[in-house]
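Values in this document were obtained by computation on a predicted structure and should not be read as measured data. Chain naming here is simple, since letters A, B, ... match the order of the sequence lines and numbering starts at 1 in each.
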Amino acid sequence: MPAFQTSPGMRDILPPESERWRRFDAVFAAVAESAGYGQLMTPVLEDLGVFARLGEGGEGVSKEMYQFTDKGGRDVALRPEVTASVCRAFAQHRPTTPWKVWYSGPNFRYEKPQRGRYRQFDQVGIEVVGVDDPMLDVEVIALADEFFRALGLRRITLIVNSLGEPEDRTRYIEALRAHFESFPEGLSATSRETLLRNPLRVLDSKRPEDQAAIAAAPQIADFHSPAAAEHFEAVQAGLRALGVDFVVEPKLVRGLDYYRRTIFEFQSDALDSAQNALGGGGRYDGLVEALGGPPASGVGFALGLDRTLIACDEEGVFQVLPRRLDAFVVDVTGGLQAAAITAALRAAGLTADRGFDNRSMKAQMKLANRSEAAYAVIIGEDEVAAGTVVVKPMDGGEQTNVPRSELVARIQRPTGTDRHD
RNA sequence: GUGGUCAUAGCUCAAUAGGUAGAGCACCAGGUUGUGAUCCUGGCGGUUGGGGGUUCAAGUCCCCUUGGCCACCCCA
């Protein structure tokens with residue numbers, strides 16, 4: 001038993017899995033940057049106040065926040081999400097709009113860990129501040145959709161809804177509360193508690209005894225102001241124009257108070273229905289202002305690496321193969337030769353590893369095999385004397401003895417292709 | 001936060017009814033005094049998650065604790 005191990009809900013990502021994570025980021029960056037988004041890097045630690053507004057939504061928010069007082073007496077928290085930090089950054093730096101950014105990194109929530117749910121978890125996302133145009137909602141959603149496709153995922157469902165303007169939303173919540181409180185068949189005990197805190201969330205319940213009340217509940221669309229309805233229509237028209245499949249789900253809600261108008265979520269039907277949401281987002285007009293900035297609308301989404309990778313596993317896509325080395329240098333003359341040869345190979349842009357500890361040729365060949373190098377470069381006393389090296393294809397091909405000066409060329413241009421010699 | 005379940009070698013797992021802890025894989029070495037991936041032989045490897053208790057004797061039974069997993073809660 002090791003004296004120390006990772007704290008609950010936190011883990012090491014070892015190679016080669018870490019390579020997959022890095023490629024995940026790279027694919028996301030490529031999609032976002034193709035649309036003019038730049039990477040924003042914010043601190044993982046911020047003043048508690050930056051996230052305080054999130055607490056107005058569910059009580060879970062404040063309960064699950066990693067917060068503490070630092071040595072200067074400042075109340076701080078590890079970020080539970082990035083959207084609030086983006087808005088804080090906008091308010092702080094006042095960049096010109098539209099401000100289009102993407103991000104990737106760890107977030108922290110003090111939850112009870114289980115598979116696909118960690119206390120430190122990575123998310124990628126994009127946010128745009130300062131544009132009201134529904135076509136921007138369309139762009140953001142389409143980029144998320146494009147990203148899932150870039151990973152190779154096919155069994156993805158996009159669901160969208162609109163919470164309307166803040167006033168619409170407020171009126172709807174009151175109507176919902178009234179409906180649920182007076183519904184004859186009542187609600188489950190859990191939903192009755194949810195109702196006190198966040199009536200919208202009751203719509204999310206999957207408990208059978210709640211379904212009758214939910215089915216009979218008022219529809220948000222009936223509360224949309226003309227402007228909100230028009231915005232939502234425009235979003236749908238834009239998605240259709242781009243050929244992005246979607247389903248309007250009137251019962252889709254998001255837990256936080258800051259969401260306005262468009263909200264959306266991507267689900268994978270390759271996962272259990274209980275946790276099939278890979279990511280989501282929406283509009284949060286007003287959040288920047290709430291954080292001390294100018295009035296500015298915002299829209300964005302975030303998605304989690306863990307669940308998305310699980311979905312990839314389920315669909316058998318985005319399987320990252322370990323990187324192969326070009327060459328593995330086996331030196332049984334003490335190791336100095338290998339130092340020079342690997343340096344030369346690397347300088348030529350090739351990837352090369354070598355054996356250490358002056359182990360036997362057999363042992364070094366086993367390492368070469370394990371490294372999955374394309375070639376073993378073997379050097380012994382004979383080769384040193386002759387100024388040559390043995391180049392052996394590890395796939396079983398014939399090994400050849402080549403002058404040391406031709407080694408790099410031989411590996412860059414495999415035998416059989418250099419017929420002009 | 002609530003409930004359930006599990007924890008044995010680096011990994012995946014065995015261990016009859018309490019009776020000295022095993023295998024496969026991996027790793028190391030040799031067979032092959034200059035050659036991997038196959039094969040053969042041998043080796044390294046564990047205070048059975050930790051602590052306490054019952055017992056002549058505990059991996060096995062009891063309590064506590066830590067951690068994983070599952071469900072609920074929550075889900076930004």
Side-chain angles (χ1 to χ4, degrees), chain A residues 1-11 14 50-65 77 79-87 107-118 121 123 125 127 188-191 193-194 197-198 200-201 204-207 253-259 263 265 272 274-282 284 287 300-304 307 328 330-333 355 357 359-384 389-399 401:
Chain A
M1 231 343 83
F4 293 104
Q5 53 186 315
T6 48
S7 198
M10 304 194 177
R11 75 267 206 231
L14 278 52
V50 173
F51 309 115
R53 196 175 155 70
L54 305 175
E56 295 168 15
E59 63 187 39
V61 171
S62 49
K63 238 168 38 185
E64 293 177 359
M65 194 106 69
R79 68 178 180 206
E81 58 143 44
V82 182
T83 304
S85 292
V86 172
C87 292
N107 302 281
F108 303 83
R109 294 177 196 171
Y110 195 85
E111 299 185 277
K112 184 133 181 168
Q114 49 184 269
R115 188 169 115 102
R117 182 183 213 178
Y118 302 95
F121 59 97
Q123 286 188 335
E127 310 286 348
S188 64
T190 305
S191 285
E193 284 180 36
T194 305
R197 246 196 352 265
N198 194 341
L200 286 174
R201 270 284 156 204
D204 236 8
S205 167
K206 293 182 177 64
R207 286 171 284 275
V253 298
R254 306 235 88 205
L256 299 190
D257 273 353
Y258 62 57
Y259 281 110
I263 58 174
E265 191 168 293
D272 295 339
Q275 30 185 299
N276 62 354
L278 303 184
Y284 42 87
L287 183 55
F301 74 82
L303 58 92
R307 281 215 197 143
F328 190 98
V330 173
D331 174 5
V332 290
T333 69
D357 285 342
R359 295 176 66 187
S360 71
M361 177 170 291
K362 175 172 177 162
Q364 291 192 55
M365 284 302 296
K366 285 184 73 163
L367 294 175
N369 185 56
R370 207 184 303 158
S371 76
E372 295 194 82
Y375 293 93
V377 175
I378 305 168
I379 186 156
E381 299 298 350
D382 295 349
E383 285 73 24
V384 172
V389 293
V390 171
V391 176
K392 173 171 177 154
M394 292 302 284
D395 60 6
E398 199 73 11
Q399 73 180 39
N401 213 295

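- In this structure E111(A) satisfies the salt bridge (charged side-chain N to carboxylate O under 4.0 Å, His left out) test together with R117(A), sequence neighbours excluded.
- Residues that satisfy the side chain to side chain contact (heavy atoms under 4.5 Å, CB included) test with Q364(A), not counting sequence neighbours, are V330(A), V332(A), R359(A).
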Tabulate protein N/O versus nucleotide N/O from nucleotides 43-45 of chain B, keeping only pairs under 3.5 Å, one per line.
none

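- With sequence neighbours left out, R11(A) forms a salt bridge (charged side-chain N to carboxylate O under 4.0 Å, His left out) with D306(A).
- The salt bridge (charged side-chain N to carboxylate O under 4.0 Å, His left out) test applied to E127(A) returns no partner, not counting sequence neighbours.
- For N401(A), the side chain to side chain donor-acceptor pair (under 3.5 Å) partners two or more places apart in sequence, or in a different chain, are T388(A).
- Applying the side chain to side chain contact (heavy atoms under 4.5 Å, CB included) rule to A77(A) yields the partners L48(A), F51(A), M65(A), Q67(A); only residues at least two apart in sequence or on another chain are considered.
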Enumerate all atom pairs, one protein N or O and one N or O from nucleotides 33-39 of chain B, separated by less than 3.5 Å.
unit_1: G34(B); atom_1: O6; unit_2: D382(A); atom_2: OD1; d: 3.4
unit_1: G34(B); atom_1: O6; unit_2: D382(A); atom_2: OD2; d: 2.0
unit_1: G34(B); atom_1: N1; unit_2: E383(A); atom_2: OE1; d: 2.6
unit_1: G34(B); atom_1: N1; unit_2: E383(A); atom_2: OE2; d: 2.8
unit_1: G34(B); atom_1: N2; unit_2: E383(A); atom_2: OE1; d: 3.3
unit_1: G34(B); atom_1: N2; unit_2: E383(A); atom_2: OE2; d: 3.3
unit_1: U35(B); atom_1: O2; unit_2: K392(A); atom_2: NZ; d: 2.9
unit_1: U35(B); atom_1: O2; unit_2: Q399(A); atom_2: OE1; d: 3.4
unit_1: U35(B); atom_1: N3; unit_2: Q399(A); atom_2: OE1; d: 2.9
unit_1: U35(B); atom_1: N3; unit_2: Q399(A); atom_2: NE2; d: 3.4
unit_1: U35(B); atom_1: O4; unit_2: Q399(A); atom_2: NE2; d: 2.8
unit_1: G36(B); atom_1: O2'; unit_2: N369(A); atom_2: ND2; d: 3.3
unit_1: G36(B); atom_1: N1; unit_2: M394(A); atom_2: O; d: 2.8
unit_1: G36(B); atom_1: N2; unit_2: N369(A); atom_2: OD1; d: 3.1
unit_1: G36(B); atom_1: N2; unit_2: M394(A); atom_2: O; d: 2.4
unit_1: G36(B); atom_1: N3; unit_2: N369(A); atom_2: OD1; d: 3.2
unit_1: A37(B); atom_1: O4'; unit_2: N369(A); atom_2: ND2; d: 2.9

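- Between the side chain of N107(A) and the backbone N or O of R109(A) there is no donor-acceptor pair closer than 3.5 Å.
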Is there any protein nitrogen or oxygen under 3.5 Å from a nitrogen or oxygen in nucleotides 2-9 of chain B, and what are the pairs?
unit_1: U2(B); atom_1: O4; unit_2: K112(A); atom_2: NZ; d: 3.4

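- By the side chain to side chain contact (heavy atoms under 4.5 Å, CB included) test, S371(A) pairs with L325(A), F328(A), A373(A), sequence neighbours left out.
- In terms of the side chain to side chain contact (heavy atoms under 4.5 Å, CB included) criterion, residue partners of T333(A) (sequence neighbours excluded) are, by chain and number, D331(A), Q337(A), E381(A), V384(A).
- Under the side chain to side chain donor-acceptor pair (under 3.5 Å) criterion, T194(A) pairs with no residue at all, not counting sequence neighbours.
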